[in-house]
Visitor: 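Supplied in structure tokens, the structure appears directly below.
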Amino acid sequence: MEDYSNLKRSEKGAWVSIGAYIFLSFIKISVAFIGNSEALKADGLNNMTDIIASIAVLIGLRISRKPPDQNHHYGHMRAETISSLVAAFIMITVGLQVIWDTLQSIFSGQGEQPSMITAWTALFSAFAMFGVYFFNLNLSKKVKSHSLKAVAQDNRSDALVSIGAFVGIIGAQFGAFWLDPAAGLIVGIIISKTAWDIFSDATHMLTDGFDIDQLLAIKNEISKDKGVMMVGDCKARVHGNHVLLEATIHVDPSLSVQESHEIADRIELHLKKEYEIHHSHIHIEPYSKTTT
């Protein structure tokens with residue numbers, strides 16, 4: 001199936017992120033200790049948590065590929081969303097720890113000038129992570145993967161974090177030693193904000209939330225069919241990387257079962273073409289003037 005093929009393609013993005021994070025976290029933490037930079041150290045710790053988060057996403061994608069079974073008639077695709085939730089919890093834990101550590105450093109008043117090698121390492125990391133971000137963002141759009149989109153958002157945050165570390169280290173070169181730990185504090189805030197955004201999106205989907213504007217657009221599209229006299233209940237939810245839609249349409253009661261069935265089939269095919277909704281259930285009801 002196309003859905004499972006897309007999930008397999010999504011794994012490529014997770015592997016790219018894991019490889020980049022392993023390489024960059026090792027480089028950043030090593031250089032941070034040698035060059036004495038709190039900002040680069042915080043950036044490197046952030047990347048270490050990203051390794052765990054990306055592995056969680058990879059596991060979720062693998063589980064999502066499992067076909068339906070006796071206990072999971074709709075398949076296992078929500079495992080992908082759960083993996084995003086796990087990634088958010090990991091990120092917020094590290095984000096708060098980074099904030100705490102850098103605040104202690106700032107209030108202790110012990111500032112030292114970091115080496116310039118830490119600045120160039122941060123700048124190199126920023127460019128590298130922007131490259132990974134664009135790769136995963138484009139891939140997530142092609143395969144419609146919410147967890148891979150969350151990974152891409154994290155990639156972008158990591159790139160911005162590295163730029164912040166670079167600015168803080170450069171500022172410290174001119175005597176503003178507090179800028180280096182301050183940049184580390186900003187890193188912690190960015191990590192926490194990204195974690196909150198991912199958490200919000202994941203919980204919205206897991207609780208069957210769906211964009212109201214998109215649902216109204218779909219309902220209006222259904223009402224345009226020549227055989228539909230009125231659209232009743234219309235609801236949808238996200239299941240992994242695709243939408244499950246249920247709608248009730250009211251048709252001319254004089255139509256035969258076959259004619260009504262053809263209307264439902266026509267609408268389902270149209271939704272698949274226009275909105276890429278591959279799983280829709282159209283329920284037929286006879287129209288009457290008392291129908292509300």
Side-chain angles (χ1 to χ4, degrees), residues 16-18 20-54 87-88 90-137 149-200:
V16 168
S17 291
I18 291 170
Y21 287 140
I22 290 174
F23 173 72
L24 292 177
S25 62
F26 175 77
I27 296 296
K28 289 177 185 177
I29 292 175
S30 299
V31 174
F33 278 108
I34 296 171
N36 192 39
S37 171
E38 287 293 329
L40 191 62
K41 177 185 174 183
D43 193 4
L45 290 173
N46 172 40
N47 286 162
M48 288 188 70
T49 63
D50 292 327
I51 296 170
I52 302 172
S54 294
I90 294 170
M91 290 171 63
I92 193 65
T93 301
V94 176
L96 293 175
Q97 183 63 49
V98 169
I99 290 172
W100 175 252
D101 290 344
T102 51
L103 282 175
Q104 285 185 314
S105 178
I106 291 171
F107 289 119
S108 68
Q110 298 177 350
E112 296 183 33
Q113 186 181 63
S115 170
M116 271 302 293
I117 191 175
T118 60
W120 301 129
T121 301
L123 189 61
F124 166 76
S125 298
F127 281 111
M129 287 316 303
F130 269 124
V132 176
Y133 160 66
F134 285 115
F135 174 82
N136 280 335
L137 181 65
K149 182 180 178 182
V151 169
Q153 289 175 327
D154 190 27
N155 297 150
R156 180 183 59 187
S157 293
D158 293 329
L160 295 174
V161 159
S162 294
I163 290 176
F166 173 76
V167 172
I169 295 168
I170 292 297
Q173 301 301 312
F174 295 94
F177 300 128
W178 58 271
L179 271 178
D180 182 60
L185 176 63
I186 295 172
V187 167
I189 293 172
I190 292 175
I191 296 170
S192 301
K193 174 61 168 58
T194 303
W196 173 255
D197 290 340
I198 295 172
F199 173 82
S200 298

Visitor: Looking at every non-hydrogen atom in both residues, tell me the closest pair between A122 and A165 and how far apart they are.
Guide: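 For A122 versus A165, the nearest heavy atoms are CB-CB, 4.2 Å.
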Visitor: Would you say the side chain of V16 lies within less than 4.5 Å of the side chain of F135, judging by non-hydrogen atoms?
Guide: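 Heavy-atom side-chain distance check passes, below 4.5 Å.
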Visitor: Less than 3.5 Å apart, any donor N or O on the side chain of D43 or S125 sitting next to an acceptor on the other?
Guide: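 No, because no side-chain N or O of D43 sits under 3.5 Å from a partner of the opposite role on S125.
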Visitor: Measure the spacing between CD1 of I18 and CD1 of I22 and express it to the nearest 0.5 Å.
Guide: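 The distance works out to 7.0 Å.
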Visitor: Does any part of the side chain of I34, heavy atoms only, come nearer than 4.5 Å to the side chain of I117, both counted from C-beta?
Guide: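 Of all side-chain heavy-atom pairs linking I34 with I117, none is under 4.5 Å.
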Visitor: Which class fits the ring pair F124 and F23: parallel under 30°, tilted 30 to 60°, perpendicular over 60°?
Guide: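 Ring orientation of F124 relative to F23: perpendicular.
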Visitor: Mind checking the CG-CG spacing from D50 to L45? Nearest 0.5 Å is all I need.
Guide: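 Output value for this atom pair is 11.0 Å.
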Visitor: Measuring from atom CD1 of I169 to atom OG1 of T118, what distance do you get when rounded to the nearest 0.5 angstrom?
Guide: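 Reported to 0.5 Å precision, the distance equals 3.5 Å.
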Visitor: Which atom names give the shortest non-hydrogen contact between S37 and P114, and what distance separates them?
Guide: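 Heavy atoms of S37 and P114 come nearest at CB-CB, 3.8 Å.
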Visitor: Please examine the side chains of L160 and F130, heavy atoms only from C-beta on, and report whether any two atoms are closer than 4.5 Å.
Guide: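 They are in side-chain contact.
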Visitor: Answer whether the closest heavy-atom distance between the side chains of N155 and S17 falls below 4.5 Å.
Guide: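 Answer yes - side chains close enough.
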Visitor: Looking only at the side chains, is there a donor atom on one of S157 and K193 sitting less than 3.5 Å from an acceptor on the other?
Guide: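 The answer is no; no qualifying pair exists.
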Visitor: Enter the distance from I51:CD1 to L24:CG here, rounded to the nearest 0.5 Å.
Guide: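 Those atoms lie 9.5 Å apart.
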Visitor: How about I99 and S192: do any of their side-chain heavy atoms sit closer than 4.5 Å?
Guide: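 The answer is yes; the side chains approach within 4.5 Å.
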Visitor: Count the heavy atoms belonging to other residues, nucleotides or ligands that lie under 6.0 Å from NZ of K28, then report whether that count exceeds 12.
Guide: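 Yes, because the 6.0 Å sphere around NZ of K28 holds more than 12 heavy atoms from other groups.
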Visitor: Starting at CG of N47, measure out to CD1 of I27 and round the result to the nearest 0.5 Å.
Guide: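 Those atoms lie 11.5 Å apart.
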Visitor: Could you tell me if the side chain of K149 sits less than 4.5 Å from the side chain of N136, heavy atoms only?
Guide: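 No, their side chains stay 4.5 Å or more apart.
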Visitor: Report the distance from atom CD of Q153 to atom CG of D158, rounding to the nearest 0.5 Å.
Guide: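 So the gap between those two atoms works out to 12.0 Å.
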Visitor: Report yes if the side chains of V161 and M129 come closer than 4.5 Å at any heavy-atom pair, otherwise no.
Guide: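 In short, these two side chains do not touch, never coming nearer than 4.5 Å.
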